[in-house]
Structures are given as structure tokens and as C-alpha cells.
Amino acid sequence: MRIERIIQKDLKERGIVSVRPDVSVYEALETMKANGIGSVLVMTNDHLEGIFTERDYAYEGELGGRVAKETPVAELMTPSSEIISVPIDASLSTAAGLMIANNIRHVVYLKANGEVVGIVSQRDIVAYLHEDLNRLAMDYFGYDPFRT
């Protein structure tokens, strides 16, 4: 099972959501809220610098006593050297396995040249699996048994 459909849907709806490393944590959080996402890529032009997540904010920002409006996102982000990424042809199972093994919620998909293609979250995977289960149920039962 490939993940291209999830990435294409996200790209069509909002494109790659990113912020510059020098923006404040507060601005990054506003961007995340406006897009309904739990992470944002930190990029300079098209170069991936890191990823900033809700967890980074909670653990490094709040618990670290940082002030969101005064702290550059680069100080709290996970740097690109530590990002778990996969090639665009990686399966959904591969992405999910990496999330479990590394206790992370987001995996970045990259082209062979390192260009960012998209990001997939646990939420994306659950939504995909839910849709797939509904499709299977319709085929098997002839109706959607999960519908209330």
C-alpha cells in the first residue's frame, strides 16, 4: 500500500506547509493551527532545516520555560539530521513502523535527490485505514456497518 494518495491530497489542499527557521515559535504555532496540523516543516527556500511539532513545543518550549513569542523555532525544532524520512515509494506500513519504532508522529517523504515531497502523520494513517475499512465493509456487507 503506497502513501502517494495521502500526500497528493494534502498537497492539493494546502501545499507543503513550512516556516523559516527565524520565525517565532508563536508564529509557527499559528501556522499549524491555521492549517489544522500538528507539525510544520522548517525550511530555508527549498532546503529542509528541520521539523517543529506540538511535542517540541510542549517538551522543549513550555516545560523548558521558553517564551513562544521570543523564541525562534530553530531553537526548538528537530534538526534535519535527526528527522526520520523515507523515499516516496515507501509503503504506508514502512512509515507506520518507523513511527512506532522511533516514538514519533510524523514521517517526511523525500525524492531521491532529497527534495521534500510531503509529510505524513499518524492522523493521516488512521484516516487512510478508516477509509480502507469502510471500503472493505461496503464490499463485504453491502453497507457501511461503521456508520451511526
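- Of all heavy-atom pairs between M43 and S18, the closest is SD-CB, 3.8 Å.
- Using a 3.5 Å distance cut-off with no hydrogens or angles, the side chains of E49 and S80 do not pair a donor with an acceptor.
- N102 contributes a side-chain N or O that, together with a main-chain N or O of L98, makes up a donor-acceptor pair within less than 3.5 Å.
- A heavy-atom distance below 4.5 Å is not found between the side chains of H47 and N45.
- Checked by atom type and distance alone, the side chain of E27 pairs as donor or acceptor with a backbone atom of S24 at under 3.5 Å.
- For the pair N35 (side chain) and I37 (backbone), a donor-acceptor distance under 3.5 Å is absent.
- The heavy-atom pair separating H106 from T53 by the smallest distance is ND1-CG2, 3.9 Å.
- By the 4.5 Å heavy-atom criterion applied to side chains, V25 and P72 are not counted as neighbours.
- Residues M99 and Q122 come closest through the heavy atom pair SD-CG, 3.6 Å.
- In this structure the side chain of R55 reaches within 4.5 angstrom of the side chain of R105, judged on heavy atoms.
- By the 4.5 Å heavy-atom criterion applied to side chains, L92 and L129 are counted as neighbours.
- The backbone N or O of A90 sits nowhere less than 3.5 Å from a side-chain atom of T94 that would complete a donor-acceptor pair.
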**Study point:** Working for side chain to side chain contact (heavy atoms under 4.5 Å, CB included), residues L29 and F52
**Key:** CA-CA 9 Å; L29 291 169; F52 176 72; 3.9 Å; yes
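- Proximity of L110 to V86: side-chain heavy atoms (C-beta onward) are nowhere separated by under 4.5 Å.
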Exercise for review: Go through the steps to decide whether Y109 and I119 satisfy the test side chain to side chain contact (heavy atoms under 4.5 Å, CB included), and finish with yes or no.
Suggested key: CA-CA 6 Å; Y109 275 76; I119 186 167; over 6 Å; no
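- The two residues G38 and R123 have their closest heavy-atom pair at N-NH2, 3.9 Å.
- For the pair V116 and D46, the minimum side-chain heavy-atom distance is 4.5 Å or more.
- Looking at D56 and T78, their side chains come closer than 4.5 Å, going by heavy atoms from C-beta outward.
- Here the shortest heavy-atom pairing between V40 and A28 reads CG1-CB, 4.3 Å.
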